[in-house]
Structures are given as C-alpha cells and as structure tokens.
2 protein chains.
Amino acid sequence: MSVDEESRPARAKRLPREVRERQILDAAVTVFSQHGYHNASMDEISDVAGVSKPMIYAYLGHKEDLFAACIRREASQLMAAIADGVHAEAPPDMQLWHGLRAFFRFVGDQRESWRVLHRQATSQGGPFSEELLAMRTRAITLVDALLVRSATSRGHTATQSTEALAAALVGAGESLADWWLDHPDVPEKVVASWLMNLVWMGLGNLVDGAVWTPTGE
Amino acid sequence: MSVDEESRPARAKRLPREVRERQILDAAVTVFSQHGYHNASMDEISDVAGVSKPMIYAYLGHKEDLFAACIRREASQLMAAIADGVHAEAPPDMQLWHGLRAFFRFVGDQRESWRVLHRQATSQGGPFSEELLAMRTRAITLVDALLVRSATSRGHTATQSTEALAAALVGAGESLADWWLDHPDVPEKVVASWLMNLVWMGLGNLVDGAVWTPTGE
DNA sequence: CCCGTAGCCTACCGATCAGTAGGTACGGGA
DNA sequence: TCCCGTACCTACTGATCGGTAGGCTACGGG
C-alpha cells in the first residue's frame with residue numbers, strides 16, 4: 001500500500017530450478033549441521049537458502065526427503081574423495097594410509113558435511129536413519145573389502161571377523177575425527193598417522209616405541 | 001458418572017517417592033532407547049511408568065532433566081562395570097582386555113542402557129548433549145590414563161597423541177558394540193578378542209596371522 | 001500481443017506435545 | 001474425629017512447526 005515502486009529492494013532474479021535446488025541443499029546442510037535434524041526448522045532452512053518454504057517442498061519434498069538428499073550428496077562426496085585417494089594396486093598398508101588421509105582431509109575441509117553425516121548418523125528416531133545407516137554400511141563394506149583382500153592375499157580365509165574389524169575401524173576414524181574437530185591445531189597428516197599406527201602396528205608395538213612409516217610417498 | 005465402586009480396577013497403591021522415581025527412570029530409559037530423545041513423548045513415558053505426567057515433573061523435572069538423570073544413572077553403571085573388571089596392578093594389555101570384556105558384557109546385558117547412552121550420544125541438538133559429552137569424555141580420559149601409564153612405564157614421555165588414540169579406541173568400541181547388536185549370535189568374548197587383537201597387535205600383524213592371547217586368565 | 005507455464009510468495013491450518021492448574025483420595029498424627 | 005501433608009489424577013493451554021492453499025509475476029513461444 002503506497003510503497004514506491006522504485007524503493008523496492010533489488011529482488012533476487014528468477015533462477016532455474018537446478019540452481020535453487022543447490023542453494024536449498026547448501027542451506028539445509030548448514031542448518032542440519034548446526035542444530036541437528038529435529039531442531040532444524042524448515043523455516044530457518046528456507047530463510048538461509050533465501051527462498052520461501054513452499055519452494056523447498058516443491059523441489060525437494062518433505063523434511064525427511066530433504067535430509068535424505070543432503071545425506072546422499074555429502075556421503076557421495078566423501079566416498080568419492082576416499083576412492084580418489086586410494087590406488088587399488090598399492091599394498092594394503094598404503095591403501096589404508098591414503099584412505100585415511102583422504103578421509104581426514106575431507107573432514108577438515110567440509111566440517112559441515114561431516115557434522116551432518118556423523119553427528120546424526122547414530123541417532124535414531126526417524127525413518128531417515130535408513131539412509132544414514134546405508135551410507136555407513138557402504139563405508140564399512142569398503143574397508144571390509146580391503147581387509148579381505150589383505151587377508152586372502154596372504155593365504156588366509158576370510159572370516160566374519162573382518163566385517164567386525166571394519167566396523168571398529170570406521171568407528172575409530174569417526175571418533176578420532178570428532179576429537180580432531182576440537183583440536184584443529186593438529187595437522188591432518190599427524191592425526192592420520194596416529195590412527196594408522198594404532199590400527200596397523202597396534203598398541204602392543206607402539207608402547208615399545210615402534211612406528212609405522214609410509215614407504216615411497 | 002455412575003461407575004460402580006467395586007468395578008474399579010485394582011489401583012496401584014501409593015508408593016514412596018523413591019520407588020516411583022525408579023519406575024519413572026526405568027520407563028524413561030526404555031522409551032528413550034526405543035524412539036530417541038526427540039521422538040519420545042512424556043505421555044508415553046508416564047504411560048509405561050504407570051504414573052501420570054505431573055508426577056514426572058514433580059519428581060524428575062523437565063524433559064531434559066529427566067534425560068540427564070537417565071544418562072547419569074546408566075553411565076555410572078557402565079563406568080562401575082568397567083572399573084570393576086579392571087585390576088589396576090595388572091599389565092597394560094590385561095587391563096585393556098578386562099576393560100573391553102566388561103564393556104561388552106555391559107552392552108550385551110543392558111541393551112537399552114547402551115542404546116540410550118550411545119545412539120543419542122553424538123547427536124547434537126539439545127543442551128543435554130553436555131551431559132552425554134561429559135560422560136564420553138570421562139570414558140576417553142579413563143582409557144587415556146591407561147595409555148599414559150603404559151607409555152611412561154616403558155620410559156616414553158606422554159604426548160597429545162594418547163588422548164587422540166584413546167578417543168579412537170573408544171570410538172572403535174562403540175562402533176563394534178553397535179555391530180554386535182546386529183550379530184547377537186557372536187559370543188561376547190569373541191567380539192572382545194577381535195577388538196583386542198586389532199588395537200594391541202595391529203592389522204599389520206594380523207594379516208600375517210599373528211594373534212594376541214590372554215595370559216593367566 | 002496474448003497465453004501458458006514455471007518460478008515464487010504470503011498467509012494460513014492442524015497436529016503434536018511439553019508443561020500446568022487445580023482438584024481428589026489416602027494416611028497419620030493430635 | 002478433624003486436619004494437614006503428600007501422593008496422585010484429569011483435563012486443559014500455549015507454542016512450535018511441518019505442511020498447504022491459493023494467487024501473483026515474469027518470460028518465452030505462437
């Protein structure tokens with residue numbers, strides 16, 4: 001009512017769906033990582049994204065769908081980053097080493113992504129947990145495959161224990177990544193080497209002063 | 001309105017506060033472990049506990065307080081169980097071994113407790129996360145102390161890495177415990193030995209067929 | 001120059017639920 | 001027997017928040 005036409009603030013131009021979807025996903029990752037799934041409100045996400053709520057529903061669907069979409073995107077990036085760092089022909093210890101480094105690099109670079117992937121990962125309470133569980137299972141399967149290859153290449157037969165060990169290893173990585181978030185002054189390479197030494201050498205050797213060092217970096 | 005006195009169902013007697021508090025906490029642990037913090041409703045908790053909602057507020061306070069009380073109780077039990085299993089004079093590997101066994105025994109026996117402690121542990125979104133974080137930190141500190149004792153007894157000086165390693169170890173335990181919940185057919189001792197071998201011997205030795213075995217059980 | 005479609009919004013609904021007001025019954029002490 | 005405190009309840013409110021109805025506006029094609 002009686003607002004001068006010229007005084008209107010410059011409105012964001014109309015943008016193609018593709019672009020808006022990315023904006024919304026970015027905002028969603030930010031908000032989810034800050035407040036967690038339940039305490040994140042669609043209103044805040046729409047606010048951060050710079051669009052109105054119905055746009056989110058039109059493009060990405062309900063809250064659960066939106067969350068699942070975030071998980072899928074971020075998890076894919078994480079997986080890709082790790083797969084990128086690992087060379088399938090390298091010896092097992094080097095594969096593990098480069099996998100760990102790629103993982104920690106990702107966590108360091110994409111803190112928000114990591115938070116939304118992990119902090120929510122274990123918390124149950126929604127149907128969306130399927131999505132997260134599936135992603136985590138994929139990670140464990142990946143590590144499991146590495147272990148199985150290592151074992152069989154030495155002439156051992158694979159056992160159920162490799163899957164369990166893979167789960168333990170993934171958990172160790174997650175937990176250490178969390179610790180790292182609280183100690184950002186430690187370089188990525190150092191953190192990775194700590195974990196590498198733990199899982200490859202074992203505490204039994206570490207307390208005796210032995211260390212694992214990468215060969216042919 | 002015209003309900004026969006005699007037809008009333010047998011009402012639970014009036015009980016001392018102490019007893020009701022326990023009933024409420026038990027119910028809360030059950031419900032929280034099933035639905036998670038956010039999806040657990042005070043109505044359901046009061047229902048399961050067999051009391052009315054105002055009783056909960058009178059005795060245990062608001063939802064967050066109630067949750068914190070659950071965490072405190074269950075975490076104390078877990079800590080006590082572990083401390084009970086470990087003998088401070090034993091060599092480091094045996095301390096770790098018995099600690100792990102006590103931990104997995106607890107998880108196996110008190111699944112609900114474990115769920116409410118861990119599944120919610122990493123999920124942020126409430127002020128109550130402080131309570132959980134504090135408990136987890138206590139656990140890490142405990143393991144850290146063990147590592148430091150091991151290292152210094154061998155003449156090494158303690159470094160920041162022990163705390164990180166402790167975090168990794170705790171994470172590995174948590175993750176493996178979760179895996180175990182999905183594979184209940186595996187005996188507790190076996191799971192514990194897998195983790196013990198991983199962290200004490202290291203993968204480097206394991207793929208070569210070496211194993212750690214407890215001495216003087 | 002019109003019309004369809006796709007981008008985009010304001011303003012609202014309805015359900016769920018934490019938290020409470022205000023009352024009833026029971027028991028023990030005087 | 002009266003009284004008072006404590007155990008305990010039913011029934012409500014207030015707010016938050018997911019989700020939607022309906023409409024407005026720019027733009028491209030005929």
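Throughout, protein chains are lettered first and strands after them, A, B, ... in sequence-line order, and every chain is numbered starting at 1. Just so it is clear, the structure is predicted and the values come from calculations on it, not from any experiment.
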Of C:dC26, D:dT20, C:dG19, the nucleotide closest to the side chain of A:Tyr57 is D:dT20
Would you call the rings of A:His38 and B:His38 parallel, tilted or perpendicular, taking 30° and 60° as the class edges?
parallel
Atom-to-atom span, CG of B:Leu60 to P of D:dC8 - whole angstrom
13 Å
I want to verify a distance call: between C:dC8, C:dG19, D:dA7, whose nearest atom is closest to the B:Tyr59 side chain?
D:dA7
Quick one: is D:dC8 close enough that its OP1 or OP2 comes under 4.0 Å of any side-chain N or O from B:Arg20?
yes
Testing D:dC9, C:dC17, D:dA26 for proximity to the side chain of A:Arg14, the answer is D:dA26
At under 4.0 Å, does any side-chain N or O of A:His62 touch on OP1 or OP2 of D:dG19?
yes
From CD of B:Glu64 across to P of C:dG19 the rounded distance in Å is 8 Å
Closest of D:dT25, D:dC8, C:dT10 to the A:Ser52 side chain is C:dT10
What is the nucleic acid contact for A:Met55, judged by heavy atoms within less than 4.0 Å: base, sugar-phosphate only, or nothing?
base
Can you tell me which nucleotide in C:dC9, D:dC9, C:dA18 comes closest to the side chain of B:Ser41?
C:dA18
If the plane angle is over 60° it's perpendicular, under 30° parallel, otherwise tilted; pick one for B:Trp97 and B:Trp212.
tilted
